[in-house]
Amino acid sequence: LIHSEAVGRLDATYKLLEMDTEGPVSGEKAVDAVYMCLTAYSTGVNISTLSRETLDSTCKSVETQFPQWANTKALIQEARDQVAPALQVLEFSDTELILEMASEKMGHRVDEG
């Protein structure tokens, strides 16, 4: 993902999940937002046009159709541990870095596989 595009997708994900980009969120919520953002991107859907229910359904569908997609959560958690290992709450900028790092890790895995 290009940085500005990735930030826009993450911002749209935060809005859909009713999370505040101006305030801190739990590390767990940040990881979930990155996961949903990457899942929507990988399926080619425009997250800003989705309802929460459709996004949840899309994630479940991808997990069912592509069991290896579960590895994505591990990659995101690895990125989170590298970006902010000691923090319990994260700012939007931290979550941006996690998204960027997870995207890079996914790209490397695709190149290797």
- Shortest non-hydrogen pair, Glu91 vs Gly23, comes out as OE1-C, 3.8 Å
- Message: Are there over 12 heavy-atom neighbours, none belonging to Glu28, within less than 6.0 Å of that residue's CD?
- Response: no
- Out of curiosity, Leu97 CG to Arg80 CZ, how far, rounded to the nearest 0.5 Å? 12.5 Å
- Note on the structure: What one should report as the nearest heavy-atom pair of Asp81 and Pro85 is O-CB, 3.0 Å
- Hydrophobic cluster identity match, Val31 and Val89, side-chain contacts under 4.5 Å: no
- Message: As an exercise, state the distance from CZ of Arg9 to CG of Leu16, rounded to the nearest 0.5 Å.
- Response: 13.5 Å
- Message: Testing the basics here: between Asn46 and Ser48, what is the closest heavy-atom pair and its distance to 0.1 Å?
- Response: OD1-OG, 2.7 Å
- Query: What's the spacing between Gln77 CD and Gln82 CD if we round to 0.5 Å?
  - Reply: 11.0 Å
- Message: Between Lys60 and Asp56, is the salt bridge (charged side-chain N to carboxylate O under 4.0 Å, His left out) condition met? List the steps.
- Response: CA-CA 6 Å; Lys60 286 179 184 159; Asp56 289 342; 5.9 Å; no
- Please say which of Ile76, Thr13, Leu75 ends up in a side chain to side chain contact (heavy atoms under 4.5 Å, CB included) with Tyr35. Ile76
- Task: Determine yes or no for a side-chain-to-main-chain donor-acceptor pair under 3.5 angstrom, with Ser57 supplying the side chain and Glu53 the backbone.
- Result: no
- CE-OG1 distance between Met36 and Thr58, expressed to the nearest 0.5 angstrom: 10.0 Å
- Query: Yes or no on side chain to side chain contact (heavy atoms under 4.5 Å, CB included) for Leu17 and Lys29, after CA distance, side-chain angles and deciding distance?
  - Reply: CA-CA 9 Å; Leu17 299 175; Lys29 284 186 176 185; over 6 Å; no
- Would you call Phe66 and Ser42 a side-chain contact if the rule is heavy atoms closer than 4.5 Å? no
- Message: Side chains of Tyr14 and Thr95 only: does a donor on one sit below 3.5 Å from an acceptor on the other?
- Response: yes
- Query: Rounded to the nearest 0.5 Å, what separation is found between the CG atom of Leu10 and the CE atom of Met19?
  - Reply: 8.0 Å
- Item | Tyr41/Ile47 under side chain to side chain contact (heavy atoms under 4.5 Å, CB included): CA gap, chis, key distance, verdict | CA-CA 8 Å; Tyr41 175 75; Ile47 200 158; over 6 Å; no
- Query: Do other residues, nucleotides or ligands put more than 12 heavy atoms under 6.0 Å from Gln88 CD?
  - Reply: no
- Task: Supply the atom-to-atom distance Ser93 OG to Ile98 CD1, rounded to the nearest 0.5 angstrom.
- Result: 9.5 Å
